[in-house]
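Computed from a prediction, not measured in an experiment: that's the story for all the values here.
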Amino acid sequence: MIDERAKDTLHGRLRRDREALLWKLDGLSEYDARRPLTATGTNLLGLVKHVATVEARYFGEVFGRPSPEPLPRWQDADGSDLWAAEDETLDQVVGFYRRTWEHADATIDALPIDAPGHVPWWPEPYADTDLFAVMVHVLGESVRHAGHADILREGLDGRTGLRPEHEKRIDEEARAAHRAKLERAARTAASSTG
């Protein structure tokens, strides 16, 4: 049945992208995992904490299956899910994310793809929705933030890729040559148009 195939496909992609996001923390110190890497303070551990909170809310309270993890009320969201406080370790945030997966997976497994849900922070007429729409939304959030994490990690130490088995040894000389080629192309295009 197409509904079960769609559900299995979305769930499989979500599982894959969860692992990809966590892999971006592989081998990092507490400092490098949490230090601000953009002008707005975006950091790798904060991305993981945020995506964990997103999953906890969407696969929890939206379907009347509140997360067993303590969460502030969504109405009180203050951005603290985007960074790890001094007393939150990398292992604690990763543990929170993994426990959230278990709860989210149980919700996904227990409900049909058309199970009704209510997202109180979505505007009307969209607040009443279903598991399919929530899975697509959460997958989009996960992919978006895994992409952010990929770029942040590359900026930290040059590591790139979706999964460890696809990672290649960093060839600094080849990277520098490629970057120089792109820079020349950008400068040539800019000078020819303006």
Exercise for review: Check the pair V62, R57 against side chain to side chain contact (heavy atoms under 4.5 Å, CB included), reporting the backbone distance first and the verdict last.
Suggested key: CA-CA 7 Å; V62 166; R57 291 206 187 286; 5.8 Å; no
Study note, to complete from the structure: Residues at least two apart in sequence or cross-chain that pass side chain to side chain donor-acceptor pair (under 3.5 Å) with R99, listed by chain then number, are E69
Review point. Should we count NE2 of H118 as having more than 12 external heavy atoms under 6.0 Å?
Key: yes
Practice item. Identify whether the distance between the nearest side-chain nitrogen and carboxylate oxygen of D26 and R159 falls below 4.0 Å. Key: yes
Review point. Hey, does E88 have a side-chain heavy atom less than 4.5 Å from the side chain of F96?
Key: no
Check your understanding: Do Y97 and K49 touch side chain to side chain, with heavy atoms closer than 4.5 Å?
Key -> no
Practice item. Sort out for me which residue in T42, I151, L156, D32 forms a side-chain contact (heavy atoms from CB on, under 4.5 Å) with L37. Key: L156
Review point. Any link between L47 and L28 through a network of hydrophobic side chains (Ile, Leu, Val, Met, Phe, Trp, Tyr) touching at under 4.5 Å?
Key: yes
Practice item. Could you state whether Y31 and V94 fall into the same hydrophobic cluster, counting links through intermediate Ile, Leu, Val, Met, Phe, Trp or Tyr residues with side-chain heavy atoms under 4.5 angstrom apart? Key: no
Check your understanding: Would you find a donor on one side and an acceptor on the other, under 3.5 Å apart, between the side chain of E19 and the backbone of R16?
Key -> no
Point to revise | Derivation and outcome, side chain to side chain contact (heavy atoms under 4.5 Å, CB included), residues H145 and V48 | key: CA-CA 8 Å; H145 294 309; V48 171; over 6 Å; no
**Study point:** D78-S80 side chain donor-acceptor pair, cut-off 3.5 Å
**Key:** yes
Review point. Could you give the distance from NE2 (H11) to CD1 (I113), rounded to the nearest 0.5 Å?
Key: 11.0 Å
Review point. What is the distance from atom NE2 of H137 to atom OG of S142, rounded to the nearest 0.5 Å?
Key: 9.5 Å
Review point. Do W101 and F59 make the cut of ring centroids closer than 6.0 angstrom?
Key: no
Review point. Hey, is the main chain of V138 close enough, under 3.5 Å, to the side chain of E141 for a donor-acceptor pair?
Key: no
Check your understanding: When rounded to the nearest 0.5 angstrom, what distance separates NE2 in H50 from NE2 in H148?
Key -> 9.5 Å
Review point. So if you build clusters from Ile, Leu, Val, Met, Phe, Trp, Tyr with side-chain heavy-atom gaps below 4.5 Å, do V54 and F132 land together?
Key: yes
**Study point:** Hydrophobic cluster identity match, L14 and V119, side-chain contacts under 4.5 Å
**Key:** yes
Point to revise | Spatial distance of atom CE (M135) from atom CG (D130) [nearest 0.5 Å] | key: 11.0 Å
Check your understanding: Just wondering, more than 12 heavy atoms not from E173 lying within 6.0 Å of its CD?
Key -> no
Exercise for review: State plainly whether the residues R13 and D8 are in salt-bridge range, i.e. N to O under 4.0 Å.
Suggested key: no
**Study point:** Salt bridge present between D157 and R153 (N-O < 4.0 angstrom)
**Key:** yes
Exercise for review: Taking R34 for its side chain and L45 for its backbone only, find out whether a donor-acceptor pair lies under 3.5 Å.
Suggested key: no
Check your understanding: L152 and T38: side chain to side chain contact (heavy atoms under 4.5 Å, CB included), yes or no, with the steps?
Key -> CA-CA 8 Å; L152 293 178; T38 69; 3.8 Å; yes
Check your understanding: Which pair of heavy atoms, one from N43 and one from W83, lies closest together, and at what distance?
Key -> ND2-CB, 3.8 Å
Check your understanding: Linking I/L/V/M/F/W/Y whenever any side-chain heavy atoms sit under 4.5 Å apart, do L82 and L71 land together?
Key -> no
Point to revise | salt bridge (charged side-chain N to carboxylate O under 4.0 Å, His left out) between R18 and D105, intermediate numbers included | key: CA-CA 12 Å; R18 288 169 175 162; D105 288 347; 2.8 Å; yes
Exercise for review: Please name all residues satisfying side chain to side chain donor-acceptor pair (under 3.5 Å) with D17, sequence neighbours left out, ordered by chain then number.
Suggested key: none
Review point. Can you say whether the rings of Y58 and W122 are parallel (under 30°), tilted (30 to 60°) or perpendicular (over 60°)?
Key: tilted
**Study point:** Derivation and outcome, salt bridge (charged side-chain N to carboxylate O under 4.0 Å, His left out), residues E102 and R98
**Key:** CA-CA 7 Å; E102 292 174 14; R98 289 191 181 279; over 6 Å; no
Review point. Do any N or O atoms from the side chain of T188 and from the backbone of A185 form a donor-acceptor pair under 3.5 angstrom?
Key: no
**Study point:** From CG (D3) to CG (L131), nearest 0.5 Å
**Key:** 10.5 Å
Practice item. Could you grab the distance from atom NZ of K24 to atom CG of L44, nearest 0.5 Å is fine? Key: 9.0 Å
**Study point:** Of T107, L139, T129, the residue whose pairing with V134 passes side-chain contact (heavy atoms from CB on, under 4.5 Å)
**Key:** T129
